Amino acid sequence: METEAYLVGDPASHAFRGPTERNAAMFGPAGRWYVFRIHQVHCANVVTRRGEAVLLRAATPREGPLGSLRGPGRLARAFGIDRRLDGSSIRTGAVRIVAGVRPTERILSGPRVGISRATERPLRFCLAGVADVSAPRPRPR
DNA sequence: GGTAAGATTGTCT
DNA sequence: GACAATCTTACCG
């Protein structure tokens with residue numbers, strides 16, 4: 001699993017300039033989906049706190065070809081995630097995150113991908129040893 | 001109402 | 001590595 005954090009006061013975050021119709025879910029309660037679309041691609045986020053969210057960048061598929069869930073667009077498409085899911089609960093919505101797993105591997109961090117501001121902040125995270133992460137691969141510190 | 005830009009991806013060089 | 005695809009949101013007038 002590979003994720004990126006978007007925090008309060010983060011100029012790269014959609015929530016940076018305050019609530020709008022698009023990012024309203026980010027200002028709602030935690031545990032909801034925030035789904036946005038860009039270049040005809042959907043990206044799925046989980047709202048962690050008010051004004052903050054975690055982007056799901058990639059995951060290792062339990063079945064199917066390796067790499068089919070690499071990248072926010074592919075991951076969202078594979079799970080059928082679109083704007084209809086925006087604002088719904090990650091526990092009871094159409095697409096659900098069932099259970100957390102206590103990681104047995106080291107968590108690596110690195111620069112986020114595809115943004116033009118605050119690119120130096122190491123807010124991208126993934127487990128050491130997983131194959132499906134975007135380049136450049138985060139490194140241990 | 002018009003326009004510029006984007007948390008991406010795939011294709012071409 | 002660079003760029004086009006293609007459309008929604010944001011921002012300005």
Side-chain angles (χ1 to χ4, degrees), chain A residues 1-103 105-141:
Chain A
M1 174 61 80
E2 179 187 13
T3 61
E4 282 179 4
Y6 289 89
L7 310 178
V8 167
D10 181 352
S13 170
H14 286 175
F16 182 60
R17 298 175 188 282
T20 68
E21 187 175 347
R22 174 174 71 172
N23 64 23
M26 280 190 74
F27 292 91
R32 304 288 185 90
W33 291 105
Y34 166 49
V35 181
F36 66 89
R37 193 177 164 175
I38 184 157
H39 290 68
Q40 2 311 44
V41 174
H42 292 284
C43 297
N45 300 249
V46 176
V47 179
T48 52
R49 300 168 44 187
R50 285 192 185 277
E52 299 188 343
V54 168
L55 168 68
L56 275 39
R57 280 202 64 85
T60 301
R62 178 179 296 184
E63 55 190 55
L66 197 66
S68 60
L69 301 181
R70 181 171 56 228
R74 273 188 289 255
L75 188 148
R77 188 178 55 195
F79 285 99
I81 290 172
D82 59 29
R83 281 288 286 177
R84 290 174 302 179
L85 205 64
D86 186 63
S88 67
S89 168
I90 64 170
R91 303 302 302 274
T92 61
V95 178
R96 306 173 187 177
I97 295 178
V98 177
V101 177
R102 188 173 298 279
E105 297 174 280
R106 193 111 97 96
I107 296 179
L108 311 182
S109 63
R112 292 177 291 185
V113 177
I115 57 174
S116 54
R117 286 178 293 203
T119 54
E120 76 291 348
R121 302 180 74 176
L123 293 178
R124 182 161 58 105
F125 304 97
C126 72
L127 294 177
V130 298
D132 270 319
V133 300
S134 311
R137 173 179 289 265
R139 303 189 311 186
R141 6 183 5 115

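No experiment lies behind these values; they were computed from the predicted model shown. The sequence lines fix the lettering, A, B, ..., with proteins before strands; numbering per chain opens at 1.
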Undergrad: For A:Asp86 and C:dT8, what is the distance between atoms CG and P respectively, to the nearest whole Å?
TA: 15 Å

Undergrad: Taking the basic N atoms (NZ, or NE/NH1/NH2) and the acidic carboxylate oxygens, is any pair closer than 4.0 Å for A:Arg112 and A:Asp10?
TA: yes

Undergrad: Where each residue is assigned the nucleotide of DNA chain C containing its nearest heavy atom, which of A:His39 and A:Arg83 is assigned the position nearer the 5′ end?
TA: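 This one resolves to A:His39.
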
Undergrad: Which pair of non-hydrogen atoms, one from A:Pro138 and one from A:Gly110, has the smallest distance, and what is that distance?
TA: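 That closest heavy-atom pairing would be CB-N, 3.7 Å.
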
Undergrad: Between P on B:dG6 and CZ on A:Arg117, what's the gap in Å once rounded to a whole number?
TA: 8 Å

Undergrad: Look only at the side chain of A:Glu2 and the backbone of A:Ser134, and say whether a donor-acceptor pair between them is shorter than 3.5 Å.
TA: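 Answer holds: yes.
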
Undergrad: Decide yes or no for A:Tyr34 and A:His14: does some side-chain heavy atom of the first lie under 4.5 Å from some side-chain heavy atom of the second?
TA: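 Yes, at least one pair of side-chain atoms sits under 4.5 Å.
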
Undergrad: I'd like to know if the side chain of A:Arg57 reaches the main chain of A:Phe125, judged simply by a donor and an acceptor atom lying under 3.5 Å from each other, with no hydrogens or angles considered.
TA: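 No.
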
Undergrad: Can you measure A:His14 atom NE2 to C:dC11 atom C1' for me and round it to whole angstrom units?
TA: 15 Å

Undergrad: Any residue in residues 17-28 of chain A with a heavy atom nearer than 4.0 angstrom to DNA chain B? Just list them by number, or reply none.
TA: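 The stretch gives A:Met26 as the residues lying under 4.0 Å from the strand, ordered by number.
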
Undergrad: Identify whether any heavy atom of A:Ile115 sits under 4.0 Å from a base atom; if not, whether one sits that close to sugar-phosphate; answer base, sugar-phosphate or nothing.
TA: sugar-phosphate

Undergrad: Ignoring hydrogens, what is the shortest heavy-atom contact between A:Gly93 and A:Arg96? Give both atom names and the distance.
TA: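 Taking every non-hydrogen atom into account, O-NE, 2.9 Å.
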
Undergrad: Please give, in whole Å, the distance from B:dA7 P to A:Arg112 CZ?
TA: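 Roughly 11 Å, once rounded to whole Å.
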
Undergrad: To the side chain of A:Ser116, which of B:dG6, B:dT9, C:dC7 is closest?
TA: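 Closest nucleotide among those given: B:dG6.
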
Undergrad: Between A:Thr60 and A:Leu66, is the side-chain contact (heavy atoms from CB on, under 4.5 Å) condition met? List the steps.
TA: CA-CA 7 Å; A:Thr60 301; A:Leu66 197 66; 4.2 Å; yes

Undergrad: Would you kindly give the CZ-to-C1' distance between A:Phe36 and B:dT9, to the nearest whole Å?
TA: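 A:Phe36 atom CZ is separated from B:dT9 atom C1' by 13 Å.
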
Undergrad: Given atom CD of A:Glu2 and atom C1' of B:dA7, what is their separation to the nearest angstrom?
TA: 12 Å

Undergrad: Rounding to an integer number of Å, can you tell me how far A:Arg37 CZ sits from C:dA5 C1'?
TA: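 About 12 Å, once rounded to whole Å.
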
Undergrad: Identify whether a stacking contact exists between A:Tyr6 and B:dA7, where the ring centres must be under 5.5 Å apart and the planes under 30° apart.
TA: yes

Undergrad: Using purine N1 to pyrimidine N3 plus N6-O4 or O6-N4 for Watson-Crick, or N1-O2 and O6-N3 for G-U wobble, both under 3.5 Å, which nucleotide pairs with B:dA7?
TA: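 The base-pairing partner of B:dA7, which may sit in any strand shown, does not exist here.
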
Undergrad: With a 3.5 Å distance limit and no angle check, can you tell me whether A:Arg70 reaches the backbone of A:Val133 through a side-chain donor-acceptor pair?
TA: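 No.
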
Undergrad: Near DNA chain B, under 4.0 Å by heavy atom, which residues of residues 52-63 of chain A?
TA: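 Residues of residues 52-63 of chain A under 4.0 Å from DNA chain B: A:Leu55, A:Arg57.
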
Undergrad: Please confirm whether the shortest side-chain N or O distance from A:Arg77 to OP1 or OP2 of B:dT9 is below 4.0 Å.
TA: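 False: A:Arg77 side-chain N/O out of range (4.0 Å or more) of B:dT9 OP1/OP2.
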
Undergrad: Tell me whether the count of non-hydrogen atoms from other residues, nucleotides or ligands lying under 6.0 Å of CD in A:Glu21 goes above 12.
TA: no

